[in-house]
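A short worksheet on the structure shown next.
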There are 2 protein chains.
Amino acid sequence: MTKILQDDRSATIDAQFKALSDGTRRALLEHLVREGEQSVHALTAISGVSQPMVSRHMAKLKRAELVTVRRAGRETFYAARAKGLAPVVQWMAVYGALWSQRFTALEGIEA
Amino acid sequence: MTKILQDDRSATIDAQFKALSDGTRRALLEHLVREGEQSVHALTAISGVSQPMVSRHMAKLKRAELVTVRRAGRETFYAARAKGLAPVVQWMAVYGALWSQRFTALEGIEA
DNA sequence: AAATGCCATAACCATAGGGTTATGAATGAT
DNA sequence: ATCATTCATAACCCTATGGTTATGGCATTT
């Protein structure tokens, strides 16, 4: 075994948090969520970065299982993946719960 | 103005996602959430990295407003900050909502 | 067949980032 | 006063990463 504290689930969580930690990548993902499936060409147009950079960002989002790919002729369409955020949401649920549980008594005190 | 798409809120979101994107940092934060306030010394003991590294990780978590600090003598105590995850949770709520809204019809199809 | 358009990969640069050891400033103990 | 403990910062190394331009492979158009 490699690292005890890094099973498959936390590996995915790690990949997802890392994928979401870049503003450009989040913007691309947000655009997919709002507008639906988009080609690399279209994403490049709204991203503010070069086409190769978009391709690399999308590759990273794909490795994090946050998007799906569909190739059609010379175009490549990316789409937000259903249930993609599940691992991160679950992490938030677990620690958010403990968190609020621990701080329930303080609710309202801190801004 | 600097960047249009990066207001104060998204700056915090950026810092939080970045802060959460490292496994060691998440482990430290998880420990604080589960066990409550801890000194740097105690955190170093369970972190698997050197004390200076712990200090730097905690500094980053603090900048992301995910922890609070309390100095007592020669010890420094860190604690998970109440409502710390709020910005990220809100982001998840917004995009998670659009997400599930978009995919409601597909529920159950994709694994 | 030739030209054009779309995309991924390679090569490269600069900076950020995780890790270390060394050091110094305070505080607490002897 | 001296010694020991706790922590933050500095200096350094190496890798990861965001960005670029250049290139080549396919698909579509002409």
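A quick note: this is a predicted structure, and the numbers were derived from the prediction, not measured. By convention in this document, chain letters (A, B, ...) are assigned in the order of the sequence lines, proteins followed by strands, and residues within each chain are numbered from 1.
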- Message: Whole angstroms only, please: what is the CZ-P distance between Arg63(A) and dA8(C)?
- Response: 12 Å
- Report the residues that fulfil side-chain contact (heavy atoms from CB on, under 4.5 Å) with Val49(A), sequence neighbours left out, ordered by chain and then residue number. Thr24(A), Ser47(A), Met53(A), Val54(A)
- Task: Kindly state each residue pair satisfying ring-ring contact (aromatic ring centres under 6.0 Å, His included) with at least one member in residues 16-39 of chain A, sequence neighbours excluded.
- Result: Phe17(A)-Trp91(A)
- Non-neighbouring partners of Pro52(B) that pass side-chain contact (heavy atoms from CB on, under 4.5 Å), sequence neighbours left out: Ser50(B)
- Query: Between dG18(D) atom C1' and Phe17(B) atom CZ, what is the distance in whole Å?
  - Reply: 18 Å
- Atom CG of Asp14(B) to atom C1' of dT17(D): distance rounded to whole Å? 14 Å
- Length of the line joining Arg70(A):CZ and dA27(D):C1', which is rounded to integer Å: 15 Å
- Look at all strands and tell whether Tyr78(B) reaches a base, only sugar-phosphate, or nothing, counting heavy atoms closer than 4.0 Å. sugar-phosphate
- Message: I'd like to check the side-chain contact (heavy atoms from CB on, under 4.5 Å) partners of Ala42(A); sequence neighbours left out, ordered by chain and number.
- Response: Gln38(A), Ser39(A)
- Ignoring backbone atoms, test whether Ser50(A) places a side-chain nitrogen or oxygen under 4.0 Å from the OP1 or OP2 oxygen of dG19(D). no
- Take atom CE of Met58(B) and atom C1' of dG17(C), then tell me their distance rounded to the nearest Å. 17 Å
- Message: In whole Å, I'd like the distance from the CG atom of Leu61(A) to the P atom of dT17(D).
- Response: 13 Å
- Between CG on residue Leu85(A) and CD on residue Gln16(A), distance to nearest 0.5 Å: 6.5 Å
- Message: For Gln51(A), give me all partners under side chain to side chain donor-acceptor pair (under 3.5 Å), at least two apart in sequence or on another chain.
- Response: Ser55(A)
- Query: Restricting to pairs with a member in residues 39-77 of chain A, which pass ring-ring contact (aromatic ring centres under 6.0 Å, His included), not counting sequence neighbours?
  - Reply: none
- Note on the structure: When rounded to whole Å, the CZ to P distance for the pair Phe77(B) and dT5(D) reads 17 Å
- Compute the angle between the rotation axes at the two ends of the helix from dA1(C)-dT30(D) to dT30(C)-dA1(D), each taken over five pairs, rounded to 10 degrees. 20°
- Query: What distance do Leu20(B) atom CG and Leu20(A) atom CG have between them, rounded to the nearest 0.5 Å?
  - Reply: 10.0 Å
- Query: So, is Lys18(A) close to the dT17(D) phosphate, meaning a side-chain N or O under 4.0 Å from OP1 or OP2?
  - Reply: no
Any N/O pairs under 3.5 Å between the protein and nucleotides 9-15 of chain C? List them or say none.
none

- Return no unless some side-chain N or O of His57(B) is found under 4.0 Å from OP1 or OP2 of dG17(C). no
- Task: Report the residue (Gly73(A) or Ser21(A)) whose heavy-atom-nearest nucleotide on DNA chain D is the more 5′ of the two.
- Result: Ser21(A)
- Contacts of Arg74(A) that satisfy salt bridge (charged side-chain N to carboxylate O under 4.0 Å, His left out) - sequence neighbours left out: none
- Please name all residues satisfying side-chain contact (heavy atoms from CB on, under 4.5 Å) with Thr76(A), sequence neighbours left out, ordered by chain then number. Val40(A), Val69(A), Arg71(A), Tyr78(A)
Protein N or O to nucleotides 4-6 of chain C N or O, pairs below 3.5 Å:
{"from": "dG5(C)", "atom 1": "O4'", "to": "Arg74(A)", "atom 2": "NH1", "distance (Å)": "3.4"}
{"from": "dC6(C)", "atom 1": "O3'", "to": "Arg74(A)", "atom 2": "O", "distance (Å)": "3.3"}

- List in chain and number order the residues that pass salt bridge (charged side-chain N to carboxylate O under 4.0 Å, His left out) with Arg63(B), two or more places apart in sequence or in another chain; answer none if no residue qualifies. none
- Task: Specify the residue among Val49(B) and Lys60(B) whose closest nucleotide of DNA chain C lies further upstream toward the 5′ end.
- Result: Lys60(B)
- Between atom OG of Ser21(A) and atom CZ of Arg26(A), what is the distance when rounded to the nearest 0.5 Å? 7.5 Å
